[in-house]
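Numbers restart at 1 for each chain; the letters A, B, ... are given by sequence-line order, proteins then strands.
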Number of protein chains: 2
Amino acid sequence: MKKSDRTRQDILDATASSLSSAGYTATTVKSIAETIGMQDASIYYHFSSKDELVGEVLDIGTARAVTAVDQALAELPDAHDPREALRVAIIAHAEAVLGGGDYPRANVRTFGQLPPDLTHRHRQGHRNYGQIWTQLIDDGVESGALRGDLNRSVARLIIIGALCWAIEWFDAAEEVSAADVGEHVFQMVVNGLSVGEHESPAVSV
Amino acid sequence: MKKSDRTRQDILDATASSLSSAGYTATTVKSIAETIGMQDASIYYHFSSKDELVGEVLDIGTARAVTAVDQALAELPDAHDPREALRVAIIAHAEAVLGGGDYPRANVRTFGQLPPDLTHRHRQGHRNYGQIWTQLIDDGVESGALRGDLNRSVARLIIIGALCWAIEWFDAAEEVSAADVGEHVFQMVVNGLSVGEHESPAVSV
DNA sequence: TGACTTTTCTAGTGTGTACTAGATTTAATC
DNA sequence: GATTAAATCTAGTACACACTAGAAAAGTCA
């Protein structure tokens, strides 16, 4: 029993690592097996198919990203500026996807390259994640802290998009931390959304 | 001579279409041939390999995006606000990639899924394109219209990233045009960058 | 029409992929 | 230490892929 769990975990880790750096197609069952010193056929003792294995990795990645953002929001003081909530969420997302482990990264990296079955399997998870951001933006607009003249759905997708795409250049950008990227996205995007005379928040200016 | 050119163009068009909707791996030589009613082997009379064909499609896509942005900037009045230049460039990019043909779209869609040879082949093209944006941001900062306290390189990548990622959700977003997406990115990102008391531009507020 | 060139097709090759079946080894239990 | 169960391996299948060779067809022009 023990052995199996350990091996299973090794397989998941190797898959997450490969997905996050090489993408879906280049992640072959054989390459995963080689990474952990096994024959490719042995993988099938633990997982019934490549896609079931990949699906499990992506599930873990989604869960970790959601947890990271939820936890960051939970640590806010009871009465807080809705902009601060957005800031905390953006930075938590950036740290989870860029600086965190391979699992959340695999999620973003393989987005748009997955076979239809897997895409469909994770649609609900993505919707749920998007819901967190919809709520944050709605709170901001309804409290008057954020502009209401823009399409909220488009605004949400632009924020998430800027963060997700960062995975394509983050590794090559030296001297910039994951939190830095989040801070930049917040500074650019939220100060753009924010209504009024810009009492620029502590961090900048 | 005529026949060959026509067929060649059909092959390029079919490849661009497939790349932009299905990605690199799912774009097979056979599927391209089927789209235009040929046998897969016949493709090789016109192109020596799949990657040469794909490379040519990507070259065309890059050229079209560059042309679109350059042209939009050229149409600005001689004396213009650097923010307006950024706005015009952002909208031109959005229209080229989202609303334009399959070629620029293929470029963005396959980013990160290409084999190393092709990635390397287009590195210079991407750098040149990035240079346009670097210049726009530098102009803005040096004229005092844009904040100088943020990392310009990160800012540039965030803007381009927000635009590129839009390809992943744009088709599903109804009632939003490519120009709308560009306008939203500008409103969010540039008003966040801009220094001072926000004389919100005509379009919004 | 007939000679010639251009273009496409038929029929394959070789390689890499996910996956399977059954033998073999390793580990746990009595 | 023998028996059983768990885990891995060896050896293969079937299929999709990019690509090739040479025959066939289509087009061109005297």
Side-chain angles (χ1 to χ4, degrees), chain A residues 1-19 21-58 106 109-110 113-122, chain B residues 1-19 21-58 106 109-110 113-122:
Chain A
M1 282 291 179
K2 231 18 155 339
K3 182 77 186 306
S4 178
D5 288 350
R6 171 64 190 268
T7 302
R8 199 183 146 86
Q9 192 58 52
D10 287 346
I11 295 171
L12 286 168
D13 287 348
T15 305
S17 169
S18 177
L19 285 174
S21 67
Y24 177 80
T25 304
T27 297
T28 66
V29 176
K30 190 177 179 188
S31 74
I32 295 168
E34 268 167 11
T35 302
I36 59 176
M38 280 185 112
Q39 295 300 315
D40 54 345
S42 306
I43 302 281
Y44 291 89
Y45 177 80
H46 302 274
F47 298 91
S48 69
S49 73
K50 174 186 175 181
D51 282 357
E52 194 214 301
L53 165 56
V54 171
E56 194 158 325
V57 168
L58 298 179
R109 177 65 216 272
T110 60
Q113 359 178 330
L114 298 175
D117 281 0
L118 276 176
T119 301
H120 180 261
R121 171 173 170 177
H122 287 83
Chain B
M1 284 292 180
K2 234 14 160 334
K3 180 79 188 305
S4 179
D5 288 351
R6 171 62 190 267
T7 303
R8 200 184 146 83
Q9 191 58 54
D10 287 346
I11 295 170
L12 286 167
D13 288 348
T15 305
S17 169
S18 177
L19 285 175
S21 67
Y24 178 79
T25 304
T27 297
T28 67
V29 176
K30 190 176 180 188
S31 74
I32 294 167
E34 269 167 9
T35 302
I36 59 176
M38 279 185 112
Q39 295 299 316
D40 54 345
S42 305
I43 301 282
Y44 291 89
Y45 177 79
H46 302 274
F47 298 90
S48 69
S49 72
K50 173 186 176 181
D51 282 356
E52 194 214 301
L53 166 56
V54 170
E56 196 159 322
V57 168
L58 298 180
R109 178 63 217 273
T110 61
Q113 1 179 326
L114 298 176
D117 282 359
L118 278 175
T119 301
H120 181 260
R121 171 173 171 176
H122 287 82

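Rounded to a whole Å, the CD1 atom of A/I32 is 11 Å from the P atom of C/dC19. When rounded to the nearest whole Å, the span between CD of A/E34 and P of C/dG16 equals 12 Å. Look at CD1 on A/I43: it is 14 Å from P on D/dA7, rounded to the nearest Å. Atom CZ in B/R8 sits about 15 Å away from atom C1' in C/dT6, given to the nearest Å. A/D5 places its CG atom 11 Å from the P atom of D/dT8, with the value rounded to the nearest Å. To the nearest angstrom, P of C/dT7 lies 13 Å from CZ of B/F47. In this structure, the OH atom of A/Y45 is 16 Å from the P atom of C/dT26, given to the nearest Å. Here the P atom of nucleotide C/dT26 and the CD atom of A/Q39 are 14 Å apart, to the nearest Å.
The residues A/D10 and A/R6 are annotated as salt-bridged, a charged nitrogen and a carboxylate oxygen being separated by less than 4.0 angstrom.
In this model, the phosphate group of D/dA7 is not approached by any side-chain N or O of A/S42 to a distance below 4.0 Å at OP1 or OP2. An OP1 or OP2 oxygen of D/dT8 is reached within less than 4.0 angstrom by a side-chain nitrogen or oxygen of A/H46. The side chain of A/T7 places an N or O atom within less than 4.0 Å of a non-bridging phosphate oxygen (OP1 or OP2) of D/dT8.
Counting all heavy atoms, side chain and backbone alike, B/D40 lies closest to B/K30 at CB-CA, 3.8 Å. For the residue pair A/S18 and A/A26, the shortest heavy atom distance occurs at OG-O, 4.5 Å.
With hydrogens and angles left out, the side-chain atoms of B/D13 and B/Q9 include a donor and acceptor closer than 3.5 Å.
Under the salt bridge (charged side-chain N to carboxylate O under 4.0 Å, His left out) criterion, B/E34 pairs with no residue at all, not counting sequence neighbours.
The distance from the OG1 atom of B/T15 to the CD atom of B/E56 is 9.5 Å, given to the nearest 0.5 Å.
Side-chain contact check for A/L118 versus A/T110: every heavy-atom pair is 4.5 Å or farther apart.
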- Item | Letter per nucleotide, 5' to 3', of nucleotides 12-27 of chain D [B base touched, S only sugar-phosphate touched, - untouched; heavy atoms, 4.0 Å] | -----SSBB-------
